[in-house]
Amino acid sequence: MPGAIYAEGLVKTFGDVRALDGVDLDVPEGTVLGLLGPNGAGKTTTVRCLTTLLRPDSGKAVVAGIDVLRHPNEVRRSIGLSGQFAAVDEYLTGRENLQMVGRLYQMRARAAKARAQELLEQFNLADAADRPAKTYSGGMRRRLDLAAALVVSPPVMFMDEPTTGLDPRNRQQLWEVIKQLVSGGTTLLLTTQYLEEADHLAHEIAVVDHGRVIARGTSDQLKARTGGERVEVVVHDREDIAAASEVLRGFGKGDTTVEQHTRRLTVPVTGGAKLLAEVIRELDGRGIEIDDIGLRRPTLDDVFLSLTGHVAEEKPEEAAK
Amino acid sequence: MSAVTDALRVAPTANPVIQSFRDSMVVAKRNLIRMSRIPEMIIYGLIQPIMFVVLFTYVFGGSMQIGGSTSATDYKNFLMAGIFAQTVTFATASSGAGIADDMHKGLIDRFRSLPMARGAVLTGRTLADLVQTALTLVVLAVVALLVGWRVGSNGDTNVGKVLGAFGLLLLLGYAFTWIGALIGMSVRTPEAATSSGLIWLFPVTFISNAFVDTSHMTPWLRHIAEWNPFSATAQACRVLFANPGQSQSDAWPMQHPVWASLIYSALILLIFRTLAVRKYRRAAG
Ligand SMILES: Nc1ncnc2c1ncn2[C@@H]1O[C@H](COP(=O)(O)OP(=O)(O)O)[C@@H](O)[C@H]1O
Ligand SMILES: [Mg+2]
């Protein structure tokens, strides 16, 4: 049985640009799929095709058991969309925005009102509820946009780069909200440019490049292909390289690479920050002076490098429409 | 899903006509709230027509020949129907800008992902513009009265006829907002919508009987002016207001201005509403 979100061979071209070049997806009910890819990879176009905003040139899409191309309006009843750019009316208050969306989901006025209040509280916007959204911070707008996508508690949700442009604190906050949401059984397709985000939120990750899914798997599987976490050390004196290398060998889960001219040593590890502290203590204990040390987690670039042999190239993104 | 959220789930599809009406009202309310929070837009919208009333009355007043008379009072009474008609068509620009703004900010994507009636986003916007046009007309009529405009200056009229004239003006304005809606969806920015909403309006409103007596125009121009939809409404208003300077031309719209005005407005409404809604549906972006 196909999952809550299913796509087969989606193709979409804009003039010469082949934005989607045969995208296949299958997201089981109640799980989160992270669509990971650089700018211009086709994430937004995929989301727009699945949410009835764009008609693919060919291919098949089924959302919540409904054929997207044949019954777009029925699909709209079962989905919530939080697009790449917060789609809230900035002259309306947070409350008015949510009530309007509720009414347009065909809720009765009283139900829409009650639901707006519920969401404002849940999303920590109750204090700002009666201020125009224009006065909201970026994080608040994002939360309001997300709340608007949740007005009818749709069984299937789409979020297009929900945390892009947010500061770390707001990002963390939003992650918590999203986690809470999916713990309630919602199926979610989330796009992101950050491996860390997909790692944090998604059960499964699909890596897209040039309109195709080039790899899929859990974040552990993807990370395994990139070599996972590494500790990077830059020693102060060239003479210390050998000693430092020996220290790292004790902690590492693989071969240490050494760049002589930059005095940089890199070793794959598992154990995160705790391990890093131990490495520092050990180096210190042996009197090895270091210029820099850090824990490096694999990024989208690393994943790309290992999957494609080249770093993720950015394509200039089309002006938002 | 919890019991609470189940109870809140969307209602089954209502009658499409009722749903369309309800959704349009929700969107109209949203746009009216917006307008009330940007009052300077309404005020700017008023300044230009008021300036026209004052300038035309006092600057051109004594030098214009209307139906053989150069009386400033006759020109004033002639002029107002033209300015009213021009003013209602300026709503084209604001509706175009509003819709372009929604497209631009991605709000249309939200609307298009909701299970709402397809035409409601545009209908709601044009209805809100209609309310604003009505307000503008009221203010303008008061200013016109203050500078000395009087209905029945050239014959008999009654309340019904005067209200009928305002009805025709609102209908014309409403039809033109759909031209604006189509423009708003065809351009990339609200600024472009404003200027392309206005640029063609100037020739259309000036090559008409709005400000001058068409009998002084060169024949080919006069022909255009007399068949201009805009002239039909101005002429109809002059007839209904019983104001001077009504065209004596044989052209059908000048002989039957009320019908002509109704037919023109209905046609514009029908054509541009169809085109705009179709464009909205296809606005793949
Ligand atoms: N409306 C459009 N017109 C023309 N090209 C577009 C349009 N939308 C997207 N594209 C192109 O399609 C490709 C994929 O874009 P998009 O799906 O927005 O990528 P992403 O969301 O992953 O950054 C890009 O090359 C982009 O320039
Ligand atoms: Mg995108």
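Throughout, protein chains are lettered first and strands after them, A, B, ... in sequence-line order, and every chain is numbered starting at 1. From a predicted model like this one, the values you see are computed outputs, not experimental measurements.
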Which heavy atom of [X] sits nearest a heavy atom of [Y], and at what distance?
| X | Y | value |
| --- | --- | --- |
| P115(B) | N73(A) | CA-OD1, 3.8 Å |
| M100(A) | V26(B) | CG-CG1, 3.9 Å |
| L114(B) | V101(A) | CD2-CG1, 4.1 Å |
| G106(B) | A87(A) | O-CB, 3.5 Å |

Verify, without hydrogens or angle tests, whether R76(A) (side chain) and M116(B) (backbone) share a donor-acceptor contact under 3.5 angstrom.
no
Taking R34(B) for the side chain and Y91(A) for the main chain, is one N or O donor matched with an acceptor at less than 3.5 Å?
no
Region of A86(A) in contact with chain B, defined by heavy-atom distances below 4.5 Å:
backbone
Heavy-atom proximity to chain B below 4.5 Å, by part of N97(A):
neither
Pair E96(A) + R37(B), salt bridge at N-O below 4.0 Å:
yes
Return yes when atom CE of M41(B) has more than 12 non-hydrogen atoms of other residues, nucleotides or ligands closer than 6.0 Å, and no otherwise.
no
If you draw a 6.0 Å radius around CZ in F52(B), do more than 12 non-hydrogen atoms from other residues or ligands fall strictly inside?
yes
Between R112(B) and T51(A), is a side chain to side chain contact (heavy atoms under 4.5 Å, CB included) present by the stated rule, with each step listed?
CA-CA 9 Å; R112(B) 290 177 69 241; T51(A) 53; over 6 Å; no
For chain B, which of R103(A), K134(A), Q99(A) has the most heavy-atom pairs under 4.5 Å?
R103(A)
Based on non-hydrogen pairs under 4.5 Å, which of V88(A), D89(A), I79(A) is most in contact with chain B?
D89(A)
Are R22(B) and Q106(A) packed together at the side-chain level, in the sense that at least one heavy-atom pair is separated by less than 4.5 angstrom?
yes
If you measure from CG on L104(A) to OG on S113(B), what distance do you get to the nearest 0.5 Å?
10.0 Å
How long is the straight-line distance from CZ of F85(A) back to CZ of R110(B), given to the nearest 0.5 Å?
14.5 Å
Given R48(A) and D109(B), is the salt bridge (Lys or Arg N to Asp or Glu O under 4.0 Å) satisfied, shown in steps?
CA-CA 9 Å; R48(A) 290 173 61 88; D109(B) 272 2; 2.4 Å; yes
